[in-house]
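Below is one structure, written out as structure tokens, with a few remarks after it.
A quick note: this is a predicted structure, and the numbers were derived from the prediction, not measured.
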Amino acid sequence: MEDENELIALRRKKLETLRAKGIDPFGTTFDVSGSIAEVRALFKEAEIFRVAGRITAHRDMGKSHFLDLRDATGRIQIYLHAKEVGPELFDLFRLLDIGDFIGVEGTSFVTKSGEPTIKVQTFQLLAKTLRPLPEKWHGLQDIEARYRQRYLDLLTNEHSRTVFEKRIVIIRETRRFFEDRGFVEVETPILQTIAGGAAAQPFQTHHNALGIDLYLRIALELYLKRLLVGGFNKVFEINRNFRNEGISRKHNPEFTMLEAYWAYADFEKVANLVEELICYLAEKIHALDLAKMEAGAPGRPSVPIAGARESSPLQIAHRDADGHITRTINLKRPWRRVRYRDLVREVAGKDWFELSPDQRRERAMNEFKLEILPQLADFEVTQHVFEKLIEEKTIDPLFVTHCPKELVPLAKQNVEDNSLVDVFELVINGVEIAPGYSELNDPIVQRQRLEEQAGEEKQNIDEEFLLALEHGMPPAGGVGIGMDRLTMLLTGAESIRDVVLFPLLRPRKL
RNA sequence: GGGUCGGUAGCUCAAUCGGUAGAGCAGCGCCCUUUUAAGGCGUUGGUUCCGGGUUCGAGUCCCGGCCGACCCA
């Protein structure tokens, strides 16, 4: 190390001293009575406990010392007294730093102030740390550092830890929800020769042995539908998609998608299922908040926990940095369902669809002050109005149904008006959370629609998918849910980077 | 890609008009046998993101770059 600061130099020196004493600074296996939360739950006075974790605080009283030991489940206080452990162990103790992992065996007791504590009889060093941890009170605040060194964020910021615990619950409970309803989870290719199922730029790679270019998938859809052809009635997949596009508060190049397909259902049955799923997840998240609050959340209380008791599970409060509620999303069912054109008429004028394309364009630009690029097609002008004047302003759940068919080439056309498709777009909190369709299973129409969409780029049409459809796909309802955005919604996160453990950042020079 | 804002000790943050770079935490030394953001006394620690420029003098002003946040496309 070239320009090592004194804090690191000192820790390295302690490391060498430990080695000289014949102690392995990086430890070995240690049997524990349980995780720290489990030990706290089992806690009774005057019993022997073995507990391991990282030292996160040290209160030095001279001959007696109080330490905080932490793991991801919680915090427990350790008491160490020079006489109790003897001179040899006390010397070893003096070589410890905040951040080190230790394993402790000792007797439980409760202090004057009522804190459950383990009085150390013996302990082992399990891992020495060479760098100091961020400050104990404020934690790691630097946004960039929190993303690049997420481990430090998780270690020091209770709120961040809670968000990721919630993400874990959301993914797990989503699996459970679908499995409980007879859906089976499958895995389909990430490496694809044609990246189909959506309109997005794919990442490109190359397979050396086959000598072919491959793409990382942008959607799950076309393979899951092949499984409907293959006789699966209810399938789902939760996994990563990749889109080689911009990075923003709402976009990470890799993101987690759920797609589910349900034979013999349609978009309305799927809409009911999605309502049920999201309310189910909101209740599980609320239960987690309550459980944390009951357990007396160790460390600083996180903001969402503070408001958990008085809030209903279906009222999702989003807060600013100071903990003030900025808005509340009401998930109470039934959710509003409105046709796309009716919504557009509400905001853009009853006559919107009677205007000429040029008049629509003019109204969008002059009356609504929207930027309309000249190359936008007529339906895209309306879609732009929809996004700016409806989608972005919608907070409570809204199913937008019967969209124009140009927007959704993989959905079934409406029998009464075949310029529309039988679909919904679920919008919550200003973003599109989930599209759902009555799936198009007519191979002839599907070919036409894909050709219209592809334009000149016919090589992008997945012929293998069309071949599968020709063998017969049952009518089905399907849905895709962006799990990252759903997690943002349910945790109150304002950025996708706050719900993705390791968001993509430009590499820095170390 | 464009605009706005930001980058100061390991961490959290100060630094007035351009005038000796500071504090708290952490660390180090000493005191204290129930502390809990422990306390008390003392103390170490800086490529002010990088490179130029203006100036007697730059953390501060100007230009270029790097990284990030937000907004727009």
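For A/Asp97, the listed nucleotide lying nearest its side chain is B/C28; candidates were B/G68, B/U33, B/C28. Minimum atom distance to the side chain of A/Glu135 is reached by B/C11, of the listed B/C70, B/U34, B/C11. In the set B/C11, B/C67, B/U12, B/U12 carries the atom at the smallest distance from any side-chain atom of A/His138. Checking B/U34, B/U44, B/C32 against every side-chain atom of A/Tyr79, the shortest atom distance belongs to B/U34. Of all nucleotides listed (B/A69, B/A26, B/U12), B/A26 comes nearest to the side chain of A/Leu7. In the set B/A38, B/U44, B/G68, B/G68 carries the atom at the smallest distance from any side-chain atom of A/Arg148. Residue A/Leu10 places its side chain closer to B/G27 than to any other of B/A73, B/U35, B/G27. Taking the side chain of A/Ala57 as heavy atoms from C-beta on, and the options B/A69, B/A38, B/U33, the nearest nucleotide is B/A38. With B/A69, B/A73, B/U33 as the choices, the nucleotide that has an atom nearest any side-chain atom of A/Leu373 turns out to be B/A73.
Rounding to whole angstrom units, CZ of residue A/Arg146 and C1' of B/U12 are separated by 13 Å. For A/Leu505 and B/G7, the CG to P distance is 19 Å, given to the nearest whole Å. The CG atom of A/Asp142 sits 8 Å away from the C1' atom of B/G68 (whole-angstrom rounding).
Using a 4.0 Å cut-off between a side-chain N of Lys or Arg and a carboxylate O of Asp or Glu, A/Asp378 and A/Arg360 qualify as a salt bridge. By the 4.0 Å N-to-carboxylate-O rule, A/Glu158 lies close enough to A/Arg161 to be salt-bridged with it.
OP1 or OP2 of B/C71 sits under 4.0 Å from a side-chain N or O of A/Arg249. Residue A/Arg59 places at least one side-chain N or O closer than 4.0 Å to OP1 or OP2 of B/A38. For the OP1/OP2 pair of B/G10 and a distance below 4.0 Å, the side-chain nitrogens and oxygens of A/Lys136 include no atom meeting the criterion. Note on A/Asn5: every side-chain N or O is 4.0 Å or more away from OP1 and OP2 of B/G45. Distances shown here put every side-chain N or O of A/Lys119 at or beyond 4.0 Å from the OP1 or OP2 atom of B/U35. Between A/Arg497 and B/C70 there is a side-chain polar atom (N or O) within less than 4.0 angstrom of OP1 or OP2. Between A/Arg131 and B/G10 there is no side-chain N or O to OP1 or OP2 distance below 4.0 Å.
One donor-acceptor pair, N or O on each side, does fall under 3.5 Å between the base of B/U33 and the side chain of A/Lys83. Applying the 3.5 Å distance criterion, the base of B/U34 shares no donor-acceptor pair with the side chain of A/Ser64. With hydrogens and angles ignored, no donor-acceptor pair closer than 3.5 Å exists between the side chain of A/Glu115 and the base of B/U34.
Within the shown strands, nothing qualifies as a pairing partner of B/U33 under the Watson-Crick or G-U definition with both distances less than 3.5 Å. Under the Watson-Crick and G-U wobble criteria, each requiring two contacts below 3.5 Å, nucleotide B/G42 is paired to B/C28. Under the Watson-Crick or G-U wobble criterion, with both distances below 3.5 Å, B/G68 is paired with B/C5. A 3.5 Å limit on both hydrogen-bonding distances identifies B/G22 as the Watson-Crick or G-U partner of B/C13.
Taking the six-membered ring where the residue is Trp, A/Phe93 and A/Phe123 present perpendicular rings, their angle passing 60° and hence far from 30°. A/Phe43 and A/Phe49 have parallel rings, their planes meeting at less than 30° on a 0 to 90° scale where 60° marks the start of perpendicular.
Taking atom P on both nucleotides, B/A15 is separated from B/G59 by 16 Å, rounded to a whole Å. For the C1' atom pair drawn from B/G27 and B/G46, the interatomic distance equals 16 Å after rounding to whole Å. To the nearest whole angstrom, the two C1' atoms, one in B/A73 and one in B/C66, are 23 Å apart. Rounded to whole Å, the separation between the C1' atoms of B/A38 and B/A26 comes to 15 Å.
In this structure, B/C56 is classed as anti because its glycosidic torsion departs from zero by more than 90°.
The nearest heavy atom of RNA chain B to A/Gly62 and to A/Glu371 marks one nucleotide each, and the one closer to the 5' end goes with A/Gly62. Nearer the 5' end of RNA chain B, as judged by each residue's closest nucleotide, is the contact made by A/Ile98, out of A/Ile98 and A/His384.
Cation-pi geometry between A/Arg243 and A/Phe255 is not met at under 6.0 angstrom from the ring centre and within 45 degrees of the axis.
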Please walk me through it: do A/Leu191 and A/Leu216 pass side chain to side chain contact (heavy atoms under 4.5 Å, CB included)?
CA-CA 5 Å; A/Leu191 294 173; A/Leu216 272 57; 4.0 Å; yes
Give the C-alpha distance, both sets of side-chain angles, the deciding distance and a yes or no for salt bridge (charged side-chain N to carboxylate O under 4.0 Å, His left out) between A/Glu115 and A/Arg75.
CA-CA 11 Å; A/Glu115 170 106 17; A/Arg75 174 204 143 261; 2.7 Å; yes
